[in-house]
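Just follow the structure's listing: the first ligand is 1, and inside any ligand the first atom is 1.
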Amino acid sequence: MNQEFTLNAMRTIVCQDAQGAAKTVAGLIADQVRQNPKSVLGLATGGTPVATYQVLIEMARRGEVDFRQVTSFNLDEYIGLAGDHPQSFRAFMDEQLFGQINIPIEQTFVPDGCASDIDASCARYEAMIRDAGGIDMQLLGIGHNGHIAFNEPGSEFDSRTRQVELTAETIDKNARFFDSPDQVPRHAITMGIATILDARQIVLLATGAGKADAVRNMLAGPVVAAHPASLLRNHSHVTVVLDPPAAAAVTELQQ
Ligand code: GLP
């Protein structure tokens, strides 16, 4: 049985385990697509959403959800990695989701980490999201330091899609996807906090004990740029989906 409560206006669902959390998030995304087959989805990379994408792939195979008319925008991309680089977020998405569902690849967008003019390309990305009608549902993970997408601590409330420098902690955490830490790019393109807050609905998924402090700061700490995820408390339609280890520090607050 899921446990559900509202903390600082954020709807929070604690599922039985990580797989239950993945099913819950996949269910929210599938409901969104069923309700509006032309939905614009905001998608995320990282280890956390992989199980959710797996559930969506299975649902699509069973004919329970149809992605043919969906458009998607990913949150971020490493600078310097082309889409065919195995560690690029474009390659990750093609492998983990797009290549296994019926979304036309030309309706999927990931920032271009190899654009010759990064600033112009970021402005174009913002315009493309606007032209698509804005994001209906944005999926997010959370970094150990509270980052969302690649909005590291200090990212401002009004930030938009831009080039950022990654923190040493983020480089270290993401090194597991590369052969060695020095292969992790130092810079990335990320949607900004304001870009994310423009989404009509936000679903944040966090699993594992390593995320417990970040989840607590997001839900119950001060709303400050030092903890970017806390800025989500300025949005009126956020659902936080957790497994019990990620929820440990907030379930205590409930008792
Ligand atoms: C990355 C991504 C974020 C993601 C975070 C957590 O740096 N840019 O979008 O939420 O890391 O990743 P993981 O799910 O692997 O813990």
Please work out whether any backbone atom (N, CA, C, O) or any side-chain heavy atom from C-beta onward of N174 is under 4.0 Å from ligand 1, and answer side chain, backbone, both or neither. side chain
Is A149 touching ligand 1 with its side chain, its backbone, both, or neither, if touching means heavy atoms under 4.0 Å apart? backbone
Minimum-distance protein heavy atom relative to [atom]:
atom	result
atom 12 (O) of ligand 1	G46 CA, 4.0 Å
atom 8 (N) of ligand 1	D76 OD2, 2.8 Å
atom 16 (O) of ligand 1	K211 NZ, 2.6 Å
atom 14 (O) of ligand 1	T48 OG1, 2.4 Å
atom 4 (C) of ligand 1	T45 O, 4.0 Å
atom 6 (C) of ligand 1	I142 O, 3.5 Å

Flag yes if more than 12 heavy atoms outside R61 fall under 6.0 Å of its CZ atom; otherwise flag no. yes
Using a cut-off of 6.0 Å, state whether more than 12 heavy atoms not belonging to E4 lie near its atom CD. yes
If we count only N and O atoms by modelled type, under 3.5 Å, do the side chains of [X] and [Y] hold a donor and an acceptor together?
X	Y	answer
Q107	T71	no
Y78	N174	yes
Q138	R200	no
D136	Q201	no

With a 4.0 Å cut-off on heavy atoms, does [X] reach ligand 1?
X	answer
K173	no
H147	yes
R176	yes

Does G47, backbone or side chain, put an N or O under 3.5 Å from an N or O of ligand 1? yes
Sequence neighbours excluded, which residues qualify as salt bridge (Lys or Arg N to Asp or Glu O under 4.0 Å) partners of R124?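 Testing R124 for salt bridge (Lys or Arg N to Asp or Glu O under 4.0 Å), a comparison that skips the adjacent residues, returns none.
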Decide yes or no for T6 and T12: does some side-chain heavy atom of the first lie under 4.5 Å from some side-chain heavy atom of the second? no
What pair of heavy atoms forms the shortest contact from A214 to H227, and how long is it? O-CE1, 3.2 Å
Any idea which atoms of ligand 1 are less than 4.0 Å away from a heavy-atom of G141?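 Contacts of ligand 1 toward G141, numbered from 1: 10 (O).
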